[in-house]
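Sequence lines set the chain letters: A, B, ... in the order given, protein chains first and strands last, and positions in each chain run from 1.
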Protein chains: 2
Amino acid sequence: MVRFFCVSATACIKVFIFIYIYKNFLELLLTVAKKTTIYDIAKELNITVSTVSRALNNISSISDSTREAVVAMAKKMNYRPNKVASSLTSGKTYIIGVIVPSAQIHFFATVVHALEKYLKRFGYSIILYQSNESLESEQRGVDTLLEAQVDGIIASLSLETDEVSHFEKVKEEGKPLLIFDRTHDLLRSPSVTIDDEYAGYMATKHLIDQGYRKIAYITTTHQIKIFQERYAGYQRAIKEAKLKLRPEFIILGDLSVDGGFIGTNQLLQEKDRPDAIIGGDDFVALGIIKALHKHEITPPTIGVIGFANQSFSEHIIPSLTTIDQQAVQMGNECAKLFLKLLDKSKAIAPDEQVVLTPLLLERESTKK
Amino acid sequence: MVRFFCVSATACIKVFIFIYIYKNFLELLLTVAKKTTIYDIAKELNITVSTVSRALNNISSISDSTREAVVAMAKKMNYRPNKVASSLTSGKTYIIGVIVPSAQIHFFATVVHALEKYLKRFGYSIILYQSNESLESEQRGVDTLLEAQVDGIIASLSLETDEVSHFEKVKEEGKPLLIFDRTHDLLRSPSVTIDDEYAGYMATKHLIDQGYRKIAYITTTHQIKIFQERYAGYQRAIKEAKLKLRPEFIILGDLSVDGGFIGTNQLLQEKDRPDAIIGGDDFVALGIIKALHKHEITPPTIGVIGFANQSFSEHIIPSLTTIDQQAVQMGNECAKLFLKLLDKSKAIAPDEQVVLTPLLLERESTKK
DNA sequence: GTGAAAGCGCTAACAA
DNA sequence: TTGTTAGCGCTTTCAC
């Protein structure tokens, strides 16, 4: 096409000039068709913007007639409120920042799912920020969210997070901060967690009740509170049942299928083998089952239990007994508590701590 | 404590007055400690806000000395830019709206994960909105995001979505719209998808190559394009191999473990049983394996293949052959394309369509 | 290279 | 019940 016109250099230039003007004209058109504001509505109705604002926000002291007129005109003119502008004056964005280690981890995806679903009902949106298990990224996340003027932050700490000063900034700005699941002792703030000590206790106790006596535990090297707590619960149950706490039955490794697999192979080399193995999470438990399968052992011959109730746990063969982490409930509790924190009319409550109770799901892998 | 002071009614009132004043004083303190703005920096440095703004945004025509002074002062005064204010003037929020059916679905969680990770590097945040497979909610999502003045929207359609006018609004506002995975014929917009027809073909072809001849298919009743496409690919492979396309081998049901379980039981009642079964997704495939297990059949005796490469597929026994949906790659491609769309300097490209190639992951369930 | 000034679209006193 | 007015904190012309 262009080549068709370009019979000479001048013609070619003309074409380009034409294109240039045309382009600007198009842009002009786009610019002219700008969005309608409350100001436009006001002009159309011969009232002032404040009246329009009040009508639209359904604020008291507005006559039905004008409110209806405004609403009708707004619809007619295809008006869409600009939250950015209203945020600037009101100081509220109705956006909540959510920091999680990774949306790819099923537990966090589920919490985020529940959070968003719940908060939406109250007019809040969420900005999602992933720390990807990095402290530095988590710090940047807090900055990013505060710059975006979020109304508050809900976060679960990265594995790396060993200092929490970046979260203090949130409180300094007078904005609510809520920590869930992965907390930190130095961080005084409202939180929603699950009783991990009890989860560990529950898992171990269940095995004991099923008649298992030599219970091994494959967990992570990471010094995260929740894993330490689970281990503490394990110890408590073992002691309570007056069983021996054998160091050779505690395997530290990766929190993964491979971790479970390797750990199990190691355990099976003991001359006095365990008769049950607890996995640090369901993936570890899956690795345990795989390793047992390789040795032609099928649970519940050796009992296996996991943590987290992954979507597959119910369906593998044998189905996996596990401790449910109540992700949906945790999301809902977070949302509920957070809305309470946002409502500053209520007294500045001492940091409220919600602790959920884990749930034992008995399935085939421990059913003797 | 209070009771201690309240020896008389007047004393009591005094106490309350004291508390009241004290409270106001506290509030005053909080109010006074307001955030520093570029105006404060300007005053401190005896320059104007425009200079500060330019220095902070590292805009040309600013002397090194003043820029350094401003930056130093900003740090000293603990300045934090207010993106809401800058958005109001600049018209850009650096926030992108992401609409997915549910963050709880692993595929979408992974795409969101990749998206956020990628876009963050370019200064963008994302607001997450879940349609929860509801058209109405999806429509509200578009409105919410546009009101929040997002710079554009990336979306994957809900199962219910049979009309797409709500997405036209996005384009009307001159904002980029990108649809991924679940698209709609009526919606003309850039998209990132996977070649589902080929995925179906690939799965079927693989089974045929492995020597299976009587291949059944358990899929969903939902009229979603991607499932229809996979089925089309199945048909193509069957025809190409000159096999019979048997209606009794096509089971429509739920896309779930139960759906696979029920469908398989039905298939096994045929006098001429299939020797391989394709599941509409990995959960269906899991149900298939469970049902076969009940009948004491273990794949690959009857071959089983799924779609999506869920996290468990690799680890169940037998491990599941599946077609990977390239979720991470899809997220990355979406981000990449979207950044291109945001960069309007580039010509208004005709709706670009990125089509990813699915990936066959051969595992035990089909390894004859 | 810097300053002055006009908004962006809306809210929220304070008046009337 | 409605209008007037002054910003919210920042960007961005247009001068100088």
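- In this structure the side chain of B:I96 never reaches within 4.5 angstrom of the side chain of B:I127, judged on heavy atoms.
- Here the P atom of nucleotide D:dT1 and the CG atom of A:L56 are 17 Å apart, to the nearest Å.
- Minimum heavy-atom separation, A:Q149 to B:P81: OE1-O, 4.0 Å.
- When each of A:Y79 and B:T48 is assigned the nucleotide of DNA chain C with its nearest heavy atom, B:T48 is the one assigned upstream, toward the 5' end.
- Taking CG of A:L88 as the start and NZ of B:K83 as the end, the distance is 15.0 Å to the nearest 0.5 Å.
- For A:K43, the NZ atom sits in a loose shell: 12 or fewer heavy atoms of surrounding residues, nucleotides or ligands are nearer than 6.0 Å.
- Backbone-only contact: A:T37 has heavy atoms under 4.0 Å from sugar-phosphate atoms and none from a base.
- Nucleotide C:dC10 holds its P atom 9 Å from the CG atom of B:L88, rounded to whole Å.
- Between the CD1 atom of B:I47 and the P atom of C:dA4 there is a distance of 12 Å, rounded to whole Å.
- At whole-Å resolution of the value, CG in A:N82 and P in D:dC10 are 17 Å apart.
- Within the structure, every pair that satisfies the ring pair (Phe, Tyr, Trp, His ring centres under 6.0 Å) test and touches residues 111-155 of chain B, not counting sequence neighbours, is listed here: B:Y94-B:Y124, B:Y118-B:F122.
- The shortest distance between the side-chain N/O atoms of A:Y39 and the OP1/OP2 oxygens of C:dT11 is not below 4.0 Å.
- Side-chain contact, B:S50 with B:S53: no donor N or O sits under 3.5 Å from an acceptor N or O.
- Following rounding to the nearest Å, A:I41 (CD1) and C:dT11 (P) show an atom-to-atom distance of 11 Å.
- Within a 6.0 Å sphere centred on CZ of A:R188, heavy atoms belonging to other residues, nucleotides or ligands number 12 at most.
- Taking atom NZ on A:K92 and atom P on D:dG9, their separation rounds to 17 Å, with Å as the unit.
- Going from atom OH of A:Y94 over to atom P of C:dC10 covers 16 Å, rounded to whole Å.
- There is no side-chain donor-acceptor pair under 3.5 Å between A:D181 and A:S156.
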For nucleotides 11-13 of chain D, give me every protein contact, N/O to N/O, under 3.5 Å, one pair per line with atom names.
{"unit_1": "D:dT11", "atom_1": "OP1", "unit_2": "B:N57", "atom_2": "ND2", "d": "3.2"}
{"unit_1": "D:dT11", "atom_1": "OP2", "unit_2": "B:S53", "atom_2": "OG", "d": "2.6"}
{"unit_1": "D:dT11", "atom_1": "OP2", "unit_2": "B:N57", "atom_2": "ND2", "d": "3.3"}
{"unit_1": "D:dT11", "atom_1": "O4'", "unit_2": "B:T89", "atom_2": "OG1", "d": "3.1"}

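- In the helix from C:dG1-D:dC16 to C:dA16-D:dT1, the terminal helix axes, each the rotation mapping four pairs' C1' atoms onto the next four within five end pairs, subtend 30°, rounded to 10°.
- Taking a 6.0 Å sphere around CZ of B:R80, one finds it holds more than 12 heavy atoms contributed by other residues, nucleotides or ligands.
- When rounded to the nearest whole Å, the span between CG of B:L45 and C1' of C:dG1 equals 15 Å.
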